[in-house]
**Q** 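For reference, the structure I am asking about is given below.
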Number of protein chains: 2
Amino acid sequence: MNEDLFKCLSDLNRRRILYCIGGQEMCVNSISECLELEQSLVSHHLKELYTCGLVTRERRGKKNYYKVSQKQVMDLLENAKELGDSLKVCKSD
Amino acid sequence: MNEDLFKCLSDLNRRRILYCIGGQEMCVNSISECLELEQSLVSHHLKELYTCGLVTRERRGKKNYYKVSQKQVMDLLENAKELGDSLKVCKSD
DNA sequence: CGTTCATATGAAGGAGTATTCATATGTTGT
DNA sequence: ACAACATATGAATACTCCTTCATATGAACG
């Protein structure tokens, strides 16, 4: 279990999970359905995201609710996306 | 060879290379010496950075000069670093 | 043209990581 | 206490990636 931010964000499914959660609060099941990923896979990934501090967790009843820990997390994803696009465009010149 | 930005940045040596180059322009040898990494390793990494568009390359004489393609690349690294620190701090609360 | 310097490339080994499956843990309601 | 639900965990497999070594390519220069 690593804590490297970039390593954690380098996995597409983990980024999809973050995007899926976005500003809300979601339980494992919902994420799993939303992304059509196995429950246990989502759980594994959430654990890594949690270890990195990218998401927080709160138990209410049977469910575990996850949310993105800081706005800056989504900002970073957004910045990276823009940069990525910009790099692609530059290469096609 | 992948083009995923996060994957590319997830490797520590590649990030070290980017930091090493910074605002300047550097040839493979200098980077290799500066970071104490094998020439061929640096070359492999530079290739990936190049594939992702994170660095540009210019041949002058025998040497290949690399530089970071956009200021935003270093900005992203900086943002990620800050976020990483912030996440660590929050966890120790 | 052959040698030297600078870098690139390919293959191979090894380390690390994602995914799946089976099962365990924990919670609620009866 | 038991059943049903929600999630977590561990082990095993498969896959990807980093690194190294050996060698190839390309440029300058005598």
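Because only heavy atoms are used, hydrogens play no part in the values below, and waters and symmetry mates are left out as well, while side chains stay in. Every chain is numbered from 1, with letters handed out A, B, ... down the list of sequences.
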**Q** I want to check something: taking the side chain as every heavy atom from C-beta on, are A:Leu41 and A:Asn13 in contact at a cut-off of under 4.5 Å?
**A**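 Yes; the side chains approach each other to less than 4.5 Å.
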
**Q** Could you list all N or O pairs between the protein and nucleotides 18-27 of chain C that sit under 3.5 Å apart?
**A**
residue: C:dA18; atom: OP1; partner: A:Arg14; partner atom: NH1; Å: 3.3
residue: C:dA18; atom: OP1; partner: A:Arg14; partner atom: NH2; Å: 2.6
residue: C:dT19; atom: OP1; partner: A:Asn13; partner atom: ND2; Å: 2.8
residue: C:dT19; atom: OP2; partner: A:Asn13; partner atom: ND2; Å: 3.3
residue: C:dT19; atom: OP2; partner: A:His45; partner atom: NE2; Å: 2.6
residue: C:dT20; atom: O4; partner: A:His44; partner atom: NE2; Å: 3.3
residue: C:dC21; atom: OP2; partner: A:Glu38; partner atom: OE2; Å: 3.0
residue: C:dC21; atom: N4; partner: A:Ser40; partner atom: OG; Å: 3.0

**Q** Would you mind reading off the distance between A:Asp4 atom CG and C:dA15 atom C1', rounded to a whole angstrom?
**A**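 The distance from CG of A:Asp4 to C1' of C:dA15 comes to 16 Å, rounded to the nearest Å.
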
**Q** When the distance from CZ of B:Arg57 to P of D:dG26 is rounded to whole Å, what number comes out?
**A**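 One finds 13 Å between P of D:dG26 and CZ of B:Arg57, rounded.
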
**Q** Tell me if a side-chain donor or acceptor on B:Arg14 pairs with a main-chain N or O of B:His45 at a distance below 3.5 Å.
**A**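 Here the side-chain-to-backbone pair does not exist.
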
**Q** Would you say the side-chain atoms of A:Thr56 pair up with the backbone N or O of A:Ser69, donor to acceptor, closer than 3.5 Å?
**A**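 The answer is no, because no donor-acceptor pair under 3.5 Å joins these two groups.
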
**Q** Round to a whole Å and report the spacing from CE of A:Met26 to C1' of D:dT7.
**A**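 Result: 15 Å.
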
**Q** D:dA8 P sits how many Å from A:Ile31 CD1, rounded?
**A**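 Going from CD1 in A:Ile31 over to P in D:dA8 covers 9 Å.
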
**Q** Looking across every strand, which nucleic acid part, if any, lies under 4.0 Å from A:Tyr65 by heavy atom: base, sugar-phosphate, or nothing?
**A**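 Result for A:Tyr65 = nothing.
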
**Q** Test of understanding: with side chain to side chain donor-acceptor pair (under 3.5 Å), list the residues that count as partners of B:Glu82, not counting sequence neighbours.
**A**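 Not a single residue meets the side chain to side chain donor-acceptor pair (under 3.5 Å) criterion with B:Glu82.
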
**Q** Phosphate oxygens OP1/OP2 of C:dA8: is one of them under 4.0 Å from a side-chain N or O of B:Asn64?
**A**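 For B:Asn64, the contact criterion (side-chain N or O under 4.0 Å from OP1 or OP2 of C:dA8) is met.
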
**Q** Over how many whole Å does the gap from B:Leu46 atom CG to C:dT9 atom P extend?
**A**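 Distance, rounded to whole Å: 11 Å.
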
**Q** Among side-chain atoms of A:Ser86 and B:Gln72, is any donor-acceptor pair under 3.5 angstrom?
**A**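 The answer is no; no qualifying pair exists.
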
**Q** Rounded to whole Å, please give me the gap between CZ in B:Arg15 and P in D:dC18.
**A**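 B:Arg15 atom CZ is separated from D:dC18 atom P by 11 Å.
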
**Q** Please check if the side chain of A:Ser43 supplies one atom and the backbone of A:Ser40 the other of a donor-acceptor pair under 3.5 Å.
**A**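 Between the backbone of A:Ser40 and the side chain of A:Ser43 there is no qualifying donor-acceptor contact (under 3.5 Å).
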
**Q** CD of A:Glu33 versus P of D:dC5: gap in Å, rounded?
**A**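 Nearest whole value for this atom pair: 14 Å.
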
**Q** Could you tell me the separation between the CG atom of A:Leu12 and the P atom of D:dC17, rounded to a whole number of Å?
**A**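 Distance check: A:Leu12 CG to D:dC17 P gives 12 Å.
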
